[in-house]
Colleague: 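Just dropping this structure here.
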Amino acid sequence: MMRPPLFLVTLTLLIAGCSTQTPPMNEYILSSASLAPSFIESAAPYTLKMAPPKARPSLISKLFYYREGENKIGSYLYSQWVDAPAAMLDRLLYTSLQQNRLFSTTLSSGSNASGDLVLESMLHDFSHRIDRSGHSMGEIDITYTLIDTKTKKVIASKRFTASSPTPTVDAQGGVIALDHAATHIIEQCSAWLHLISKEPSWKK
């Protein structure tokens, strides 16, 4: 039995290798460029410590999820986040609280120091939702809880939701929409914390 020439074997392997190459992975991050400081006149005289963010199991990875209809959920094959969505939102809120000077000191979730108040978060949804008509939205659903460190009592808790339409029905469009939705969430939470910090009923 005749063997094929060596150059034919090499060419076949090269073609096979090219045919199995996968597209590069696109990585995305939420931007803080649209977070504008409110220049609050005076900070509340407390130290706020942000607790490590919590999330549903599907939202603690870098996977970029989309949802079709009510029951189908999947992740983009060649697009992902540079960090878990809960961690990115945590950093955006930390930046906003510092810019707005809501508290005398704001400690990140990675700090070893303690604060007068602790802010916990639970991320319920962070996805690109596509409906049956072909329209799509970036949607975020998160709960924030403010706790008095000394008494261990809940001062206030509130669930925030935000959605924004996508310019295109693909991963890049989903990123733009989720970036806008994240800005709305951070603005809402900052305004809520500002009101709570001025509430006299729980002040030390």
Side-chain angles (χ1 to χ4, degrees), residues 27-36 38 48-76 79-97 99-100 102 106 108-109 117-147 154-197:
E27 292 193 315
Y28 298 98
I29 190 171
L30 296 178
S31 172
S32 61
S34 57
L35 293 176
S38 300
L48 175 74
K49 171 68 180 292
M50 299 181 67
K54 297 179 181 179
R56 291 172 47 190
S58 60
L59 297 175
I60 60 176
S61 72
K62 299 178 182 179
L63 293 178
F64 187 174
Y65 285 99
Y66 63 86
R67 301 181 66 177
E68 291 186 62
E70 294 298 324
N71 302 316
K72 184 179 179 180
I73 186 169
S75 61
Y76 286 105
S79 296
Q80 67 178 22
W81 301 104
V82 297
D83 203 349
M88 292 191 294
L89 285 172
D90 182 70
R91 286 194 292 271
L92 284 182
L93 182 57
Y94 175 71
T95 298
S96 176
L97 295 179
Q99 288 179 341
N100 286 316
L102 287 180
T106 300
S108 71
S109 57
L117 308 171
V118 172
L119 183 66
E120 297 183 347
S121 63
M122 178 65 190
L123 184 61
H124 310 288
D125 188 20
F126 188 96
S127 62
H128 178 194
R129 184 185 291 272
I130 306 169
D131 63 28
R132 294 181 180 179
S133 63
H135 297 103
S136 66
M137 307 282 288
E139 297 190 344
I140 301 176
D141 182 355
I142 188 170
T143 296
Y144 287 105
T145 303
L146 188 64
I147 298 172
V154 173
I155 296 171
S157 183
K158 189 169 183 178
R159 190 164 183 167
F160 298 92
T161 60
S163 62
S164 179
T166 64
T168 54
V169 188
D170 56 13
Q172 189 169 2
V175 170
I176 294 172
L178 283 165
D179 200 59
H180 290 162
T183 298
H184 294 320
I185 289 288
I186 300 306
E187 289 175 345
Q188 291 177 52
C189 183
S190 296
W192 173 68
L193 286 173
H194 179 219
L195 291 175
I196 295 299
S197 68

Colleague: Got a second to check how far Ser58's OG is from Leu63's CG, nearest 0.5 Å?
Modeller: 9.0 Å
Colleague: Quick check against the 3.5 Å criterion: does Ser190 have a side-chain atom that pairs as donor or acceptor with the backbone of Glu187?
Modeller: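 No: the side chain of Ser190 does not pair with the backbone of Glu187.
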Colleague: Please name all residues satisfying side chain to side chain donor-acceptor pair (under 3.5 Å) with Gln80, sequence neighbours left out, ordered by chain then number.
Modeller: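 Partners of Gln80 by the side chain to side chain donor-acceptor pair (under 3.5 Å) criterion, ordered by chain and then number, come out as Glu27.
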Colleague: I'd like to know whether NE2 of His124 has more than 12 heavy-atom contacts from other residues, nucleotides or ligands below 6.0 angstrom.
Modeller: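 More than 12 heavy atoms, drawn from other residues, nucleotides or ligands, come within 6.0 Å of this atom.
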Colleague: Apply the test salt bridge (charged side-chain N to carboxylate O under 4.0 Å, His left out) to residues Asp141 and Arg159: give CA-CA distance (whole Å), side-chain angles for both, the deciding distance (0.1 Å), then the verdict.
Modeller: CA-CA 7 Å; Asp141 182 355; Arg159 190 164 183 167; 2.8 Å; yes
Colleague: Please check if the side chain of Asp179 supplies one atom and the backbone of Ser31 the other of a donor-acceptor pair under 3.5 Å.
Modeller: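 Yes: the side chain of Asp179 pairs with the backbone of Ser31.
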Colleague: Going by side-chain contact (heavy atoms from CB on, under 4.5 Å), Ile140 matches just one of Thr161, Leu89, Ile186, Asp125. Which one?
Modeller: Leu89
Colleague: Under the side-chain contact (heavy atoms from CB on, under 4.5 Å) test against Ile196, which residue among Ile155, Leu117, Leu102 passes?
Modeller: Ile155
Colleague: Contact between Ile176 and Thr166 at the side-chain level, heavy atoms closer than 4.5 Å - yes or no?
Modeller: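 When only atoms from C-beta onward are counted, Thr166 and Ile176 do not touch, as no gap falls below 4.5 Å.
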Colleague: Can you give me the closest heavy-atom contact between Leu30 and Ala182, atom names plus distance?
Modeller: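 That closest heavy-atom pairing would be CD1-CB, 4.0 Å.
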Colleague: Nearest 0.5 Å, what's the CE-OG1 distance between Met122 and Thr143?
Modeller: 8.5 Å
Colleague: Keeping Asp131 on the side-chain end and His135 on the backbone end, is there a donor-acceptor pair under 3.5 Å?
Modeller: yes
Colleague: Which heavy atom in Trp192 sits nearest to a heavy atom in Ala156, and how many Å separate them?
Modeller: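 Here Trp192 and Ala156 meet closest at CZ2-CB, 3.6 Å.
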Colleague: To the closest 0.5 Å, what do you measure between CD (Gln99) and OH (Tyr94)?
Modeller: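 Going from the CD atom of Gln99 to the OH atom of Tyr94 covers 11.5 Å.
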Colleague: To the nearest 0.5 Å, what is the distance between CZ (Arg67) and OG (Ser75)?
Modeller: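 Reported value, rounded in 0.5 Å steps: 14.0 Å.
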Colleague: side-chain contact (heavy atoms from CB on, under 4.5 Å) between Phe64 and Val175: does it pass, once the steps are laid out?
Modeller: CA-CA 9 Å; Phe64 187 174; Val175 170; 3.5 Å; yes
Colleague: What heavy-atom pair brings Tyr28 and Met88 nearest, and what distance separates the two atoms?
Modeller: O-SD, 4.4 Å
Colleague: Got a donor-acceptor contact below 3.5 angstrom from the Ser127 side chain to the Arg129 backbone?
Modeller: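 Here the side-chain-to-backbone pair does not exist.
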Colleague: Nearest 0.5 angstrom please: Leu93 CG to Ile185 CD1, how far?
Modeller: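 Answer for the CG-CD1 pair, Leu93 versus Ile185, is 10.5 Å.
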Colleague: Taking all heavy atoms of Lys62 and all of Ala84, pick out the closest pair and write down the distance.
Modeller: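 Minimum heavy-atom contact is CG-N, 4.3 Å.
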Colleague: Distance from Leu48 atom CG to Met50 atom CE, nearest 0.5 Å?
Modeller: 7.0 Å
Colleague: Any chance the side chains of Ser164 and His184 put a donor and an acceptor closer than 3.5 Å?
Modeller: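 Checked: Ser164/His184 side chains show no N/O donor-acceptor pair below 3.5 Å.
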Colleague: Give the minimum heavy-atom separation between Ala177 and Pro165, together with the two atoms involved.
Modeller: CB-O, 3.6 Å
Colleague: Please name the pair of heavy atoms, one in Tyr76 and one in Asp170, separated by the smallest distance, quoted to 0.1 Å.
Modeller: OH-C, 3.6 Å
Colleague: Could you check, using the six-membered ring where one of them is a Trp, whether Phe126 and Trp81 have ring centers closer than 6.0 angstrom?
Modeller: yes
Colleague: Is it true that a side-chain atom of Asp90 and a backbone atom of Ala86 form a donor plus acceptor pair closer than 3.5 Å?
Modeller: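 Absent.
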Colleague: What residue among Leu119, Val118, Val154 forms side-chain contact (heavy atoms from CB on, under 4.5 Å) with Leu146?
Modeller: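 Running side-chain contact (heavy atoms from CB on, under 4.5 Å) over Leu119, Val118, Val154 with Leu146 returns exactly one hit, Leu119.
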Colleague: Does the pair Ile73 and Tyr66 meet the rule for a side-chain contact (heavy atoms from CB on, under 4.5 Å), with working shown?
Modeller: CA-CA 6 Å; Ile73 186 169; Tyr66 63 86; over 6 Å; no
